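Structure first, then comments.
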There are 2 protein chains.
Amino acid sequence: MAGMGKAEDTKARIERAALTLFVARGVAETTTREIAMAASIAEGTIYRYFPSKEQLALNMFLGHHRALAEALDEAQRPHPSLRAKTEAIVRCYCDWADRDWTLFAYHLLNQHSFLIQVPDGTPNPVNVVREAIGRAMAAGEIPKNNVDLAAASAIGVVLQAATYKVYGRFEGPLSDHVTFFAAAAWAVLSVKEK
Amino acid sequence: MAGMGKAEDTKARIERAALTLFVARGVAETTTREIAMAASIAEGTIYRYFPSKEQLALNMFLGHHRALAEALDEAQRPHPSLRAKTEAIVRCYCDWADRDWTLFAYHLLNQHSFLIQVPDGTPNPVNVVREAIGRAMAAGEIPKNNVDLAAASAIGVVLQAATYKVYGRFEGPLSDHVTFFAAAAWAVLSVKEK
DNA sequence: TGAAAAAGAGTGATCACTCACTTATATCAT
DNA sequence: ATGATATAAGTGAGTGATCACTCTTTTTCA
């Protein structure tokens, strides 16, 4: 932990311990005592850095949510075509998953509990994809379908595979399959509804 | 509730109340007192029908899980080609979702907590799809890719759309989009990896 | 030596579950 | 039919355990 003060180190240890336990056992099922033990600190120390267990859980979710959205947006922006954007987004997403799998899995498995608490105006991974698709439909690059439906199905191609990796249905880095995911997502987007 | 004894009616009321609350607030966040109030019975009555809150939650999950798997298997069996099986499976799945949306949403949102507790040998929705895809690959009907990966991505096309309906990203019955889902899933399966 | 950080016993609230009891319903002898 | 009795269904106050969070004390270190 180079260049990290003692306090910041403690805070990071708390977050990492909480993250691991949240993924393994669920947020509600993880106690503050367990977090403290896993982080090798006292229970009270958690509250020097976070006002509550809920805020600790929410902060980590929102941090990753926003950062991922910004990364995806930067990845797709330079490319002119949706086909190229698709590949760039998929690659960026898989890289994020592989870089910090625990954080990624936490974000993936707890969307339903935190998504409603995302403040308005926060960069949003789904919106990045949705808007790129919407523009491509308007430009006639792909068939004009229901945008939300197309976005959901295309995202699902990658997201469900990631979910099954969380469940242990297969191993190895997600990035190994970037080409397949991109081709599959593109195939979905090319389908003409009805 | 035709042909339902008083006891069975009470049991059904408990299950329905629990289901609604579990979907709206989460299993861990729902108290037995709330379930009792919503079902218009006393808290103690829950324990005449279920040994614990956990078993109540697990029973409902497993019941739907097994029944869905059997329905999907019956839906795909008569069809010879994977293309036809795909359409049949997608249609069956969407019908189940539309028929009892609360139960469906409960199953969808709580897979990660219950999937590890599914007894070996239980009919499994994912396996039905996986095996159909595996046979089609062996028969040369579709390109020979990683079976788990192909299954995950194809399933994701429908499942993620269903998830976004839970989140309120769009409305109306899932069945309205059966043709699109089937075409999109088929497009994914037709992609040649690498 | 003073302020920041960490400790960990303590606290009040919550919650799943129990249990002694009441009420409703079914069974059956007269 | 009627009353007696057995069984099932339902009740809700009570209980013990748990847990997030607090507070006073102790340690660390600049």
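Please read these numbers as outputs of a predicted model, since none were measured by experiment.
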From C/dA16, D/dA20, D/dG10, pick the nucleotide closest to the side chain of B/Tyr47? C/dA16
Presence of A/Thr10 side-chain N/O under 4.0 Å of C/dA6 phosphate oxygens OP1/OP2: yes
Between P of C/dA24 and CZ of B/Arg48, the distance in whole Å: 15 Å
By a strict heavy-atom criterion of less than 4.0 Å, which residues belonging to residues 25-41 of chain B are in contact with DNA chain D? B/Ile41
Which label fits A/Phe61 and A/His65: parallel for a plane angle under 30°, tilted from 30 to 60°, or perpendicular past 60°? parallel
Distance check needed: D/dC21 P versus A/Leu56 CG, whole Å only. 10 Å
List the atom pairs, donor and acceptor, that lie under 3.5 Å between side-chain atoms in residues 42-50 of chain B and the rest of the protein, sequence neighbours left out.
{"from": "B/Glu43", "atom 1": "OE2", "to": "B/Thr32", "atom 2": "OG1", "distance (Å)": "2.7"}
{"from": "B/Thr45", "atom 1": "OG1", "to": "B/Ala42", "atom 2": "O", "distance (Å)": "3.4"}

Could you state the CD1-P distance from A/Ile14 to C/dA5, rounded to the nearest angstrom? 12 Å
Distance, rounded to the nearest Å, where B/Glu43 contributes CD and C/dC19 contributes C1': 13 Å
Enumerate the salt bridge (charged side-chain N to carboxylate O under 4.0 Å, His left out) contacts for residues 104-132 of chain B, please, sequence neighbours excluded, ordered by first and then second residue. B/Arg130-B/Asp148
Look at B/Tyr49 and D/dG10 and indicate whether a side-chain polar atom (N or O) is within less than 4.0 Å of OP1 or OP2. yes
Would you sort out whether B/Asp100 and B/His64 count as a side chain to side chain contact (heavy atoms under 4.5 Å, CB included), showing the intermediate values? CA-CA 10 Å; B/Asp100 189 345; B/His64 185 254; over 6 Å; no
Centroid-centroid distance, A/Phe104 to A/Tyr93, less than 6.0 Å: yes
For B/Phe50 and C/dT18, what is the distance between atoms CZ and C1' respectively, to the nearest whole Å? 18 Å
Nearest-angstrom distance from the residue atom CD of A/Gln55 to C1' of D/dA20: 14 Å
Measure from the side chain of B/Ala42, starting at C-beta and using heavy atoms only, and say which of C/dA7, D/dT11, D/dC21 lies closest. D/dT11
So do the side chains of B/Phe180 and A/Asn146 get within less than 4.5 Å of each other, counting heavy atoms only? no
